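What you are looking at is a predicted structure, and each value in this text was computed from that prediction instead of being measured.
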Amino acid sequence: EYLEKQKEFVRDNFEIAKKRPADMISIFAVMNSMAFSTPDELKEFYDAVPKDVKEDPRVGETIAQMERVVKLSKGNPFPEFTLYSYDGKDTVTQKSFEGKTSLVYVTTPDVKENDIIYPQLHKASQKGISVYIVMMLSSEEHYFLYEDYVKDLGLDKLNVLTGSED
């Protein structure tokens with residue numbers, strides 16, 4: 001319930017900010033709504049921000065973050081990347097997805113909803129969808145427990161990836 005209220009609050013602020021793209025406060029409001037916005041929505045706002053505002057050093061880092069997300073909007077080529085399997089034996093690049101119906105789930109081991117989502121990912125895999133779980137590891141403990149976590153949940157039968165060979 002709390003998350004839904006936060007999402008509604010952030011989305012309301014995003015709608016207000018879209019009406020005032022030249023206002024620097026609007027830029028910060030939109031950045032705070034990124035978790036609840038699509039790259040296409042963000043691109044629409046970004047395109048409306050005047051050039052002189054984008055070049056203002058007070059919003060430089062915020063604009064740079066926005067530009068990274070805008071690159072994921074429709075019509076742009078998918079950015080190049082390399083991810084490594086949980087055991088470090090395989091790599092996956094953007095070319096691995098070409099011509100395939102794929103589902104990519106980005107998570108951390110701490111997300112409560114994983115217990116609900118993982119069985120759904122197994123079902124999707126059984127239907128012929130290439131399922132990739134990108135595991136974001138943010139602590140030393142995650143790295144230490146990572147391989148056991150993957151095996152204990154049967155995720156080793158799916159494509160579990162991380163951004164580092166380690």
Next item on the list: Indicate yes or no: does E15 engage K18 in a salt bridge with an N to O separation below 4.0 Å.
Entry: yes
Note to self: How close do F45 and P21 get, counting heavy atoms only, and between which atoms?
What the structure shows: CE1-CA, 3.7 Å
Notebook entry, point to check: Is it true that a side-chain atom of N32 and a backbone atom of V10 form a donor plus acceptor pair closer than 3.5 Å?
Noted result: no
Notebook entry, point to check: Among the clusters formed by ILVMFWY side chains lying less than 4.5 Å apart, do V104 and L83 turn up in the same one?
Noted result: yes
Notebook entry, point to check: When hydrophobic residues are tied together by side-chain contacts of less than 4.5 Å, even through go-betweens, does V30 share a cluster with I16?
Noted result: no
Margin query: For K43, is there an ion pair with E67 - N to carboxylate O distance below 4.0 angstrom?
Written below: no
Next item on the list: Return the minimal non-hydrogen interatomic distance between V131 and L121, and the atom names on each side.
Entry: CG2-O, 3.5 Å
Check: Quick one: does P39's side chain get under 4.5 Å of K74's, heavy atoms only?
Finding: no
Margin query: For the CZ atom of F28 and the OG1 atom of T62, what is their distance to the nearest 0.5 Å?
Written below: 4.0 Å
Notebook entry, point to check: Do V92 and Y132 have side chains that get closer than 4.5 Å, going by heavy atoms?
Noted result: yes
Checklist line | Euclidean distance, L42 CG relative to K71 NZ, rounded to 0.5 Å | finding: 13.0 Å
Note to self: Please report the interatomic distance CD(Q94) to CZ(F81), rounded to the nearest 0.5 Å.
What the structure shows: 6.0 Å
Margin query: Distance to the ring centre below 6.0 angstrom and angle to the axis at most 45 degrees; does that hold for K123 and Y118?
Written below: no
